[in-house]
Protein chains: 2
Amino acid sequence: MLFIMSKNISLDDIASLAKRRGFIYQGSEIYGGLAGTWDYGPLGVTLKRNLVNAWWKFFVESRDDMYGIDSAILMNPKVWIASGHVAGFTDPLIEDVKTKKRYRLDHLLEDAGVDVKGMDLAAMVAAIQEKGVKSPDGNELGNPANFNMLFRTSIGAVEDEASTVYLRGETAQGMFTNFKNVVDSFYPDLPFGVAQVGKAFRNEISPRDFIFRVREFEIAEFEYFINPENWEAEFEKWRVAMHQWCEEILGLPAEKVHELEVSKEDRAHYSKRTIDFEFDFPFGKKELYGLAYRTDFDLNNHQRDSGKNLEYRPKDGSPAFVPHVIEPTFGVDRTLMAVLCNSYTEDEVNGEKRIFLKLPKHLAPVKACVSPLLKNKPELAAKAREVYSMLKKEIGVVMWDDNGNIGKRYRRQDEIGTPACIVIDFQTLEDGTVTVRDRDTAQQTRVSISELENTIA
Amino acid sequence: MLFIMSKNISLDDIASLAKRRGFIYQGSEIYGGLAGTWDYGPLGVTLKRNLVNAWWKFFVESRDDMYGIDSAILMNPKVWIASGHVAGFTDPLIEDVKTKKRYRLDHLLEDAGVDVKGMDLAAMVAAIQEKGVKSPDGNELGNPANFNMLFRTSIGAVEDEASTVYLRGETAQGMFTNFKNVVDSFYPDLPFGVAQVGKAFRNEISPRDFIFRVREFEIAEFEYFINPENWEAEFEKWRVAMHQWCEEILGLPAEKVHELEVSKEDRAHYSKRTIDFEFDFPFGKKELYGLAYRTDFDLNNHQRDSGKNLEYRPKDGSPAFVPHVIEPTFGVDRTLMAVLCNSYTEDEVNGEKRIFLKLPKHLAPVKACVSPLLKNKPELAAKAREVYSMLKKEIGVVMWDDNGNIGKRYRRQDEIGTPACIVIDFQTLEDGTVTVRDRDTAQQTRVSISELENTIA
C-alpha cells in the first residue's frame, strides 16, 4: 500500500465532500440559497458539537477562573452606541457606476495585488484610481462609502427610531454588560474570565470562501478581566494556551498556524495589542483566531453610558478600579473549516484513489461503523445488530451500514472520518472476534467483541 | 428536623433566586434591559447545557432514526412566504386611543376573564365592547389589527424590498428546507426525523412572565417524517415519549404535566391534530410543549414554491410521495423554567428557614462543593484543594467555597441545587475521611476520600 498526496486540495474539494456527506449544506438551498448563510447537516452538527464541547471543557469547565454565560442576540441599542459599533463597525464599499452593484473596496484592491494594510477609505480610493482597477463587470468604480455591517431590525409594535435594535455584531458585549452581574453573584478573584459561545451577525457585502466569510457565524470567546499592571504576562499566557488548543485539541500542525502581529494602523480602535492567528487554508493564509488586549475601553464606555459602577473592588481593600481585558476569540465555523481542511487527505489504497478525513478521534462525528459482511445472512445481521447496540450505548455515535459491498462501505466511512469499521463475518459466529479496519492505515485486525470498546477508545 | 412547604412559591421567588445566584439575568440590564430578552449567567448556562445535552442524547443520539442539523437563523424570505408566516404569523393588537400604546387583544380579554379560545379578530373586538374592557391606563380601546410577529431586517448593501429577510419565527422550517439534503446524503428509511436546537424570534408585543413569553428563545424540536397511513400510531408514540422525557429525564411529576387537546379552531392552519403539554407553573397552567401532526403542509408548499421535488422514494419500489410529519416541540427556556419551579423548595432545618433547589442530580449545574472546615488552617486548605482537583477531573463541575462559616456555605449551595457538600476537617488529616452533606436531607455522613466519587455519582 502506498500513500500519495495526489494534488493540492481546493476549497471546492472540501465543500463538495461537505455537501455530499452531510456536513454542510448551502443555507436555504432549495430556494437558490441566501448568500453568506450555511446549514450544518447531521455530521456537521455533530462535529461542531464536539468542537464546542471540547472548547468549553478546555477553556471554561476545567478552569477555576472562568464563568460561562449565554447572553441574548438582541440587546438594548445603547450597548452598540457605547461600544462604538453604531459609529464605526463599517466596511469600505464602492459602486460599479453602470450596474450600481456594490463591492468591498479592500477586496477589489487585494484581488488586484494591492496590500491594503493600514489604508483608510481615501487611501483605498486613491489606489483604485492609481491602479486603474475596474469592477468585476469591467466598468468604472465610483461613489465610495463606509457601510455599517450591523443588521438592524425593529422591536415592538411601532416602527420608529426609538425601537431600532441590532443583531449583535460580536458576542463580546454580552460579557461586558454582564460583568457586574457575574461579580455580584460570584465575587470572583481577579483575574477571571467571562466566556460564551453564540451566534453573531455581520452584513457582509461579499460573503465568500465557503464558511469562511459569512453573514451569520458562531463565536467562542472570553473576556479575561485583569489588573492592567499584568497585561503583558496575561497576554502571553493566553497566546500560549491558544497554540496549545490548536495543536493538542484540534490536531493542527504548528507549522500551519502563524502569528501575525497586527500593526497599530490595522488594530481595532480599542486594542493596544492584537495578534491574529492565521491558518494555511487551501485558499491562502487567512485569519483563524484573534487575541486582543482591549484595555478598559469597553467597561469604561459602558460605565459612562449606563451610569452603573463597573469597577472591581479588590478583596484586600486596595482601591477599586475598572479592570482591563485580554480577549481570545475563536470562530467556531472557521475552526471546523480548518479541521476539515487539515484532515482532508487523498491517497491510494491498492492502486485505487481514496479520500479520507484524518480527524482526531475525539472530534470524529462517527466513532465507529458496524456492518454484517453480507446483508442477506440473518445470523450475521443479528450478531452485527447486537454489536452495534452494545457500542452505541458504550461509545456514543456509531453508524450502521449494510449497503453495497464492504469496499464501498469503507470508502463512505473514510470520507466522513470514522476511525474504525467493524465487520461481523462467519468467523465471528464461531469465535466471537470481528474485523476492525483502521481508517488511516486501511489495515484490518481481528479483535474479540469483549475487547472492542477498549480497542476503539 | 422538619420539612414544611411554607407557602405557595411565586414567579418572583424564582426570578429573584435566579438573578441572585447567577442563573438568569435581565438582558442588557445595565441599560434598563430590553423587554423580552434574558441572559443566562454561569449557573444558568450550565443548567441549560445539561438540559440540551440530555435532550440531544434522548431524542437524537441514542436513536437510529434521527438526523440532527443546525440551520441558519437568516433564511431566504421565500421560505416564510411558502410556510405562511409572512401572511399569517400574527397576533391581534388593539390600541389605547389616548396613549396610542398597543396591547395584545387576547391578553386583555383573558385578564378580564374571557375565554378567547376559537375567537378571531372580529369576535375579540366584539367581546371587548360587550364586556366594556378598557386599556390598562383606563382609556377606550380602538383600531384593532393583526400584527406580524416576524422580525424583519435587510441584507446586502441596498435596502429595498428584494433584500428583506426575517429572523426565523420557528426552527421547523430549517428541517423542511433540508429534507432533500438529508435524504440525498443518507437515504434513510421512512419514518425518520430531522432535529435541531436553536434560537427563534417573535416580536411579542407584551413579553411577560419571566422567561416564559419572550422575544428571543431557544427551541429543541424535530420533524418526524412518516407515511400518512401511520400517523395515529406515530403521534401516539411521540406523545408517550414526551411524557417519558418529562418524568424520567426532567423529574417533573406526572400530575403537574397536563395534556390539552387543541380544538380545530385553535389549531395552527397546518395541523390536523395538536396536543399542548401544559405544566403547573406558579402563575398557572401554561403551555410547556406542543405535539402537532403537521401533515404534508410544509413540504408541499416548499415543493410548489421552490420547484424542487420533495418526494420520498421508498426503497421497495412503491410509488414516491410527499411524507407527512409529526412535530414534537420543546421550548428550552420553558423547560429550564419548569425544572427550576419544580425544584424550588422552602423548608425548615433546625428551626431555620432555607431555600433549596431539588434538581435531579444529572441536571444540577454544580455536582459538588468542596470546603476546608476552617479557611485559615493551611493543612486543611491544602487537603481540600487536593480533593477539589481530584473531583473536578473525575466528575466535572465542582465548586470551591471557603467563604464564611460552614452553615452559610451550605445555604449557598442549597440555593443552587448542589447535591453534595464535602468538608475537609481535622479528622480528614487523621483517617482520610470527609463529611458529605446531602442537599435534600441536610444530613452529613463520613466517607473516605477514595469512596467519594462513587458516593457522589
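The structure displayed is predicted, hence computed values, not measured ones. Letters A, B, ... mirror the listed sequences (proteins, then strands); counts begin at 1.
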query = For K78(A), is it the side chain, the backbone, both or neither that has a heavy atom under 4.5 Å from a heavy atom of chain B?
reply = both
inquiry  = Counting only non-hydrogen atoms closer than 4.5 Å, does V165(A) touch chain B with its backbone (N, CA, C, O), its side chain (CB onward), both, or neither?
reply    = side chain
key: Which portion of N53(A) sits near chain B, non-hydrogen atoms under 4.5 angstrom   = both
task = Mind ranking T46(B), L93(B), L167(B), D184(B) by heavy-atom pairs under 4.5 Å with chain A and telling me who comes out on top?
result = L167(B)
ask   = Is a side-chain donor-acceptor pair under 3.5 Å present for S71(B) with Y25(A)?
value = no
message = Is there a side-chain contact between N76(A) and E29(B) in this structure, where contact means two heavy atoms from C-beta onward sitting under 4.5 Å apart?
response = no
inquiry  = Given heavy-atom pairs under 4.5 angstrom as the criterion, report whether the side chain, backbone, both or neither of L74(B) touches chain A.
reply    = both
key: Interchain contact, Y187(A) with chain B, by part (heavy-atom threshold 4.5 Å)   = neither
message = So which residue, H302(A), M149(A), K48(A), ends up with the most heavy-atom pairs under 4.5 Å with chain B?
response = H302(A)
query = Is any side-chain heavy atom of F186(A) closer than 4.5 Å to a side-chain heavy atom of L43(B)?
reply = yes
query = Of the backbone (N, CA, C, O) and the side chain (C-beta and beyond), which part of R412(A) lies under 4.5 Å from a heavy atom of chain B, both, or neither?
reply = neither
query = For A72(B) and D39(A), which heavy atoms make the closest approach, and how far apart are they?
reply = N-OD1, 2.8 Å
key: Gap separating the CZ atom of R20(A) from the OG atom of S185(B), nearest 0.5 angstrom   = 9.5 Å
inquiry  = Using a 4.5 Å heavy-atom cutoff, which residues in residues 57-64 of chain A come close to chain B?
reply    = E61(A), S62(A), R63(A), D64(A)
request  = For chain B, find which of P207(A), G68(A), S206(A) contributes the most heavy-atom pairs closer than 4.5 angstrom.
outcome  = G68(A)
inquiry  = For M399(B), which atoms come within 4.5 Å of any heavy atom of chain A: side chain, backbone, both, or neither?
reply    = side chain
key: pair I30(B)-V79(A): side-chain heavy atoms closer than 4.5 Å   = no
ask   = In terms of heavy-atom pairs under 4.5 Å, which option from Y388(A), Y40(A), F201(A) contacts chain B the most?
value = Y40(A)
ask   = Is there a donor-acceptor pair closer than 3.5 Å between any side-chain N or O of N203(B) and the backbone N or O of G156(A)?
value = yes
ask   = In terms of heavy-atom proximity below 4.5 Å to chain B, should E95(A) be classed as side chain, backbone, both, or neither?
value = neither
query = Under a 4.5 Å heavy-atom cut-off, does chain B meet the side chain of W56(A), its backbone, both or neither?
reply = side chain
task = Assess whether atom NZ of K408(A) is packed by more than 12 heavy atoms of other residues, nucleotides or ligands within 6.0 Å.
result = no
remark   = Assert top hit (heavy-atom pairs under 4.5 Å, partner chain A, pool G32(B), S28(B), S306(B), G22(B)) equals S306(B)
request  = Kindly indicate whether the side chain of Y31(B), heavy atoms from C-beta on, has any atom under 4.5 Å from the side chain of M75(A).
outcome  = no
key: Side chain, backbone, both or neither of I73(A) within contact of chain B (heavy atoms, under 4.5 Å)   = both
request  = Measure K308(B) against the heavy atoms of chain A and call it side chain, backbone, both or neither at under 4.5 Å.
outcome  = side chain
query = So which part of K101(B) gets closer than 4.5 Å to some heavy atom of chain A, the side chain, the backbone, both or neither?
reply = neither
Toward chain A, the part of D305(B) with a non-hydrogen atom under 4.5 Å = both
query = Any side-chain heavy-atom pair from F151(A) and I155(B) closer than 4.5 angstrom?
reply = yes
ask   = What part of I24(A) is in contact with chain B, defined as an atom under 4.5 angstrom from a non-hydrogen atom: side chain, backbone, both or neither?
value = neither
query = Counting a contact as any heavy-atom pair under 4.5 Å apart, which residues of residues 172-181 of chain A contact chain B?
reply = T177(A), N178(A), N181(A)
